[in-house]
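Values in this document were obtained by computation on a predicted structure and should not be read as measured data.
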Amino acid sequence: MRLRGTVCAAAGLLLAVATGCTGGTEDGAPAPSPALARATGASPRATPTPTPTPADPVSLPALMQREHTGSELRLGDVLDRNSAYTRYAVTYEANGLTISGVMNIPQGKGPFPALVLAHGYIDPDVYFSGQGMPREQDRLARAGHVVLHTDYRNHARSDEDPDNDVNLRLGYTEDVIGAALALRNSGRPEIDGDRIGLFGRSMGGGVVYNTLVVAPGLFDAAVVYAPVSARPQENIDHFQRPDGDPLVAEIEEKHGTPEEDPAFWRGVSPLTYADRVGEPLLIQHGTADDTCPIAWSREVAAVFGEAGKDVELRTVPGEGHTFGPRWAAEMEVTEAFFARHLR
């Protein structure tokens with residue numbers, strides 16, 4: 001069953017700090033909190049125990065303990081209309097912030113299953129609404145899904161959150177949770193609020209991992225491809241430190257280094273809370289990805305699998321970070337995966 005007005009989660013969220021991927025098991029993790037229940041009154045998919053308090057305010061446990069809200073999905077201008085779907089500019093509310101995005105609604109009689117798309121890293125200064133996953137937005141709408149592509153806070157027309165970057169961009173996880181709740185609470189006849197999936201690429205894959213541990217049971221299934229590491233410190237070391245990003249010094253001044261405060265860094269890795277995951281997860285990663293090492297996805301698959309979770313790692317021979325020749329074939333796999341789980 002799904003909570004239709006709010007989401008109460010109890011553990012923590014990880015957001016990849018760049019366009020990269022993260023992974024790894026951790027010891028000493030706090031016990032997770034109750035999973036989300038569906039609105040029908042059925043048992044939740046996972047039933048972890050409550051998280052100890054107080055949690056570091058910048059952590060996945062803090063996000064798990066928060067009462068998340070998502071509402072006021074508003075359709076704005078029509079951006080495109082074709083024989084398969086109509087594309088709208090949209091906004092919704094997520095934990096008090098207005099978040100912008102784009103939404104494709106299929107032509108024909110609904111309600112249609114919905115997908116939330118979490119895009120990879122694009123500099124917010126150059127990002128435009130809906131930029132992240134245009135191929136996927138089009139294809140999934142043509143396959144009969146309502147597709148909501150969130151812009152995240154600090155992007156396009158979304159509200160600003162000045163502390164988001166130094167706080168490891170965990171706010172993006174709140175934006176994705178809010179998107180699911182806004183879809184469910186919209187009351188729109190085209191949207192089937194009981195069938196919602198989550199799809200993220202690159203940095204958005206890290207957002208997906210965070211969401212699965214912060215709000216277990218909120219989605220029916222999740223897919224990531226070419227994801228960043230599930231360990232934020234690996235993303236920092238891989239993407240930001242080599243470029244001399246001044247944000248690294250700010251992060252370490254505020255939160256300490258992994259050596260100085262290992263508990264903090266465990267608390268922002270979804271691997272620490274793998275036992276909370278309730279949804280089936282498909283990971284697709286190219287063997288020739290020189291942006292996000294495939295080893296990061298192997299680690300996530302191993303940790304989630306050891307926790308008894310329904311996770312599949314699909315390695316794609318010869319594909320790089322953006323998927324080229326095999327993109328269409330892998331999208332067929334993605335669509336089949338969602339078709340099985342969004343019934």
Side-chain angles (χ1 to χ4, degrees), residues 2-16 35-39 57-60 62-76 88-103 113-119 124 127 129-130 132-133 146-164 167-188 191-200 203-220 222 270 279:
R2 299 193 180 281
L3 298 179
R4 294 187 177 272
T6 61
V7 171
C8 285
L13 44 77
L14 152 104
L15 172 57
L36 293 177
R38 294 184 183 265
V58 181
S59 69
L60 292 171
L63 287 182
M64 295 169 186
Q65 293 167 352
R66 181 166 189 176
E67 185 177 34
H68 295 275
T69 60
S71 61
E72 299 183 48
L73 179 65
R74 296 188 177 95
L75 274 59
Y88 296 90
V90 300
T91 59
Y92 63 93
E93 302 300 310
N95 288 356
L97 295 183
T98 297
I99 305 299
S100 63
V102 297
M103 188 163 73
L115 297 173
V116 175
L117 269 54
H119 65 80
Y127 177 89
S129 186
M133 301 172 70
V146 170
V147 179
L148 172 55
H149 181 282
T150 177
D151 291 330
Y152 305 137
R153 61 193 61 196
N154 299 337
H155 289 68
R157 296 173 293 119
S158 299
D159 283 348
E160 295 295 314
D161 177 359
D163 297 325
N164 188 57
N167 289 338
L168 306 184
R169 302 175 184 156
L170 292 182
Y172 297 163
T173 302
E174 297 182 73
D175 302 338
V176 165
I177 292 171
L181 293 173
L183 285 166
R184 187 157 301 118
N185 298 327
S186 71
R188 298 196 62 88
I191 300 171
D192 186 341
D194 289 325
R195 294 188 292 163
I196 302 180
L198 178 58
F199 186 17
M203 183 190 72
V207 178
V208 170
Y209 294 152
N210 289 345
T211 301
L212 296 183
V213 302
V214 170
L218 177 61
F219 291 91
D220 292 288
E279 294 87 338

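Looking at N164, its side chain does come within 3.5 Å of a backbone N or O of G171 through a donor-acceptor pair. With hydrogens and angles disregarded, a donor-acceptor distance shorter than 3.5 Å links the side chain of D220 to the backbone of I196. No donor-acceptor pair closer than 3.5 Å links the side chain of T173 to the backbone N or O of T211. Judged purely by atom type and a 3.5 angstrom limit, T150 has no side-chain atom pairing as donor or acceptor with the backbone of G101. With R184 contributing its side chain and G193 its backbone, the two residues share a donor-acceptor pair below 3.5 Å. Looking only at distances, a side-chain donor or acceptor of D175 sits under 3.5 Å from a matching main-chain atom of R153. Here the side chain of Y172 pairs no donor or acceptor atom with the backbone of A118 at under 3.5 angstrom. Judged by distance alone, the side chain of E93 and the main-chain N or O of L73 form no donor-acceptor pair under 3.5 Å. In this structure, N154 contributes its side chain and D161 its backbone to a donor-acceptor pair below 3.5 Å.
A heavy-atom distance below 4.5 Å is not found between the side chains of L181 and T69. Within the 4.5 Å cutoff, the side chain of T98 has no heavy atoms near those of the E72 side chain. Annotation: side chain of R188 is in contact with side chain of L75 (closest heavy-atom distance under 4.5 Å).
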Check step by step if side chain to side chain contact (heavy atoms under 4.5 Å, CB included) holds for L198 and F219.
CA-CA 7 Å; L198 178 58; F219 291 91; 3.7 Å; yes
Apply side chain to side chain contact (heavy atoms under 4.5 Å, CB included) to the pair M103 and Y92, showing each step before the final yes or no.
CA-CA 11 Å; M103 188 163 73; Y92 63 93; over 6 Å; no
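Note: L148 CG to Y88 OH = 14.0 Å, rounded to the nearest 0.5 Å.
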